[in-house]
Amino acid sequence: MTTGVAADDVAPDGVAREQAEHAYGWPAPLWRALEHAKPPVRLLDPRLWRSPIRGPWLTAVFGAVLLVGLPLVMLTGFASYDAYEPRFTGNAFPVDPAIRFPYVPWPAGVSWLYRLNQGVHVGLGLALVPVVLAKLWSVIPKLFAWPPARSVSQLLERLTIALLVGGILFELATGVLNIQYDYVFGFDFYTGHYYGAWVFLAAFTAHVVLKVPVMVRSLRSRSFREELRTPLARTVPEPLDPDGLVAVAPAAPTMSRRGALALVGGGAVVVTALTVGETLGDAVRPTALLSARGRSYGDGPTDFQVNRTASGAQVTEAMTGPAWTLSLLGPTPVTLTRAQLLAMPQHTVDLPIACVEGWSTVQTWSGVRLRDLVALAGVARPGRAVVSSLERNGAFARATLGTQHLTHEDALLALRVNGVDLSLDHGYPARVVAPSLPGVHNTKWVRAIEVHA
Ligand SMILES: Nc1nc2c(c(=O)[nH]1)N[C@H]1C(S)=C(S)[C@@H](COP(=O)(O)O)O[C@H]1N2
Ligand SMILES: [Mo]
């Protein structure tokens, strides 16, 4: 039911006629009651929001950027879950197949694929933070609109907005805290971030379906190019809109629309400039000032990123000394010393270690091909292999690799890096390095490999 309402009826504190006039869906007694129940809070006064550049056009510009960017962040996020190979127990927290993104086998063929995936996920996610904040700023009067909803459909729409805003803030906050190693939240990061993404995706989809027409209309309402030519002196508010984004009592402009766009775009560029170095790695790494990681981890050839040091993992020289052996488990179990491994055919290849957190580093690794070890264990066509570390506890103690990584010619049990023995922090005596394998599965201080057909 739609009731045409005269401005005088519903504008108790002088809300502009245009704003008050638009229809209520509630029955008249309900909206009258709502009007009377308006709490005496200053924030609920629309005259408080005075920025003369706030309006549907500016909101639509930020929205359009997010409409392109956020799906990429979500897609790479869900792809990363698949890259962890959740089909093997212990590789990732289990997700009920009913609510899981379809599993797409993660290929080993393109060595930099996971590096690119996480570079986009983390890098773009961070770069969009200023845009998300600007978008929220641009619609803030709606957060304090009274009555909170004017119809049932608007009430439902606003509930999806609560999930949308809560979802994006939750995803950005947990993501940033994770790459800063700041586990202030009391739940597992992966589980929270994953389910949070589903909530956000649902709300995002609903929001896009509902708002794309308004977005397109608003984008068409002004010329982008014209806006870039409009200086502060000629900056005037957009016409009043039914959504109440445009200020009813605008202040004089202190910033043009192009200035606002430059500020937000500049913010995204600065964030990118200060983080992209950790994905590109090595030569430009010192530019990654926002990286939580230090930049010196060893001497000479082994001076590159370490996520967890040997002492952090409670792996000691005694455990990795001459008594260390590798247990190959399978139809023909074999125990190998490091000297025996070094006596096998060695393969050298440049491969990245690409962490889920977005940093990566390409190094020159040498060691025994995993497929040679698989064959030695007596398995002709491996289905999976469980790699376990000397490190006994925690999420890093073991990882299961699938066929694609076990059979790739560049997948190694690395013994050396950049021409020297692995350092203890990089996983001496032996570690896994394989193309396009998420960093976390590049197990260090390997103790055993259990091969299954
Ligand atoms: N045993 C063990 N292996 C491990 C880890 C660990 O903490 N313990 N960290 C993993 C993670 S999360 C990453 S990104 C890489 C980092 O390798 P690096 O420390 O040599 O750079 O090692 C992986 N292998
Ligand atoms: Mo990692």
Side-chain angles (χ1 to χ4, degrees), residues 77 80-81 83-85 90-93 111-112 114-115 117-119 121-122 175 177-181 183 188-190 193 278-279 281-282 285 288 291-316 319-320 324 326 350-367 370 386-401 405 411-418 420-449:
S80 176
Y81 182 75
Y84 270 55
E85 294 283 10
N91 274 4
F93 63 92
S111 70
W112 41 263
Y114 192 72
R115 188 181 182 209
N117 194 81
Q118 287 319 101
H121 184 69
V122 176
L177 288 170
N178 181 53
I179 59 178
Q180 297 294 323
Y181 284 170
Y183 295 104
D188 172 57
F189 165 75
Y190 292 96
H193 201 66
E278 66 171 0
T279 301
D282 311 315
R285 196 177 176 88
S291 168
R293 313 301 174 285
R295 284 185 287 274
S296 174
Y297 291 98
D299 300 315
T302 59
D303 181 10
F304 60 93
Q305 178 75 46
V306 172
N307 233 19
R308 178 132 65 151
T309 58
S311 76
Q314 295 180 319
V315 170
T316 60
M319 298 159 80
T320 57
W324 176 87
L326 171 76
D350 289 354
L351 281 181
I353 299 268
C355 182
V356 67
E357 297 147 12
W359 65 263
S360 59
T361 176
V362 180
Q363 306 295 337
T364 306
W365 307 91
S366 314
L370 288 179
V386 184
V387 179
S388 14
S389 172
L390 290 168
E391 180 183 359
R392 291 289 170 152
N393 303 310
F396 305 103
R398 48 188 241 149
T400 304
L401 308 190
H405 291 113
L412 300 183
L413 182 70
L415 306 167
R416 295 163 64 80
V417 64
N418 301 327
V420 299
D421 285 344
L422 291 174
S423 63
L424 191 56
D425 281 342
H426 285 299
Y428 183 90
R431 79 171 300 170
V432 167
V433 180
S436 199
L437 190 65
V440 64
H441 290 172
N442 290 238
T443 307
K444 304 199 275 192
W445 314 294
V446 172
R447 161 176 67 86
I449 303 178

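Note that these values count all heavy atoms, side chains included, but never hydrogens, waters or copies made by symmetry. Both ligands and their constituent atoms are indexed starting at 1 by order of listing.
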Check each atom of ligand 1 against the heavy atoms of [X] and keep those under 4.0 Å away; list them by number with element.
| X | answer |
| --- | --- |
| S389 | 1 (N) |
| R308 | 7 (O) |
| C355 | 14 (S) |

Please find the pair of heavy atoms, one from [X] and one from [Y], that lie closest to each other, and give the distance.
| X | Y | answer |
| --- | --- | --- |
| L326 | V446 | CD1-CG1, 3.7 Å |
| A430 | L422 | CA-CD1, 4.0 Å |
| H121 | H193 | NE2-NE2, 4.1 Å |
| T443 | S389 | CG2-CB, 3.7 Å |
| V433 | A414 | CG2-CB, 4.0 Å |
| Y84 | Y190 | OH-OH, 3.3 Å |

Which residue and heavy atom of the protein sit nearest [atom], plus the separation:
| atom | answer |
| --- | --- |
| atom 24 (N) of ligand 1 | N442 O, 3.0 Å |
| atom 3 (N) of ligand 1 | K444 N, 3.0 Å |
| atom 8 (N) of ligand 1 | E391 OE1, 2.6 Å |
| atom 15 (C) of ligand 1 | G439 O, 3.5 Å |

Shortest reach to atom 17 (O) of ligand 1 by a heavy atom, considering only Q305, H426, Q118, R431: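 It is R431 that holds the nearest heavy atom.
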Compare F304, F396, W445 and give the one whose heavy atom is closest to atom 9 (N) of ligand 1.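 Result: the heavy atom closest to atom 9 (N) of ligand 1 is in F396.
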F93 and Y81: aromatic ring centres closer than 6.0 Å?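 Yes - the distance between ring centres of F93 and Y81 falls below the 6.0 Å cut-off.
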Using the side-chain contact (heavy atoms from CB on, under 4.5 Å) rule, pick out the option among R398, R392, E391 that qualifies with R447.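 The side-chain contact (heavy atoms from CB on, under 4.5 Å) with R447 is passed solely by R392 among R398, R392, E391.
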Proximity to ligand 1 by part of N307, non-hydrogen separation under 4.0 Å: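 Within the 4.0 Å criterion, N307 contacts ligand 1 through backbone and side-chain atoms alike.
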Please confirm whether D425 comes within less than 3.5 Å of ligand 1 when only nitrogen or oxygen atoms on both sides are compared.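 Looking only at distances, the answer is no, because the N/O contact criterion of under 3.5 Å is not met.
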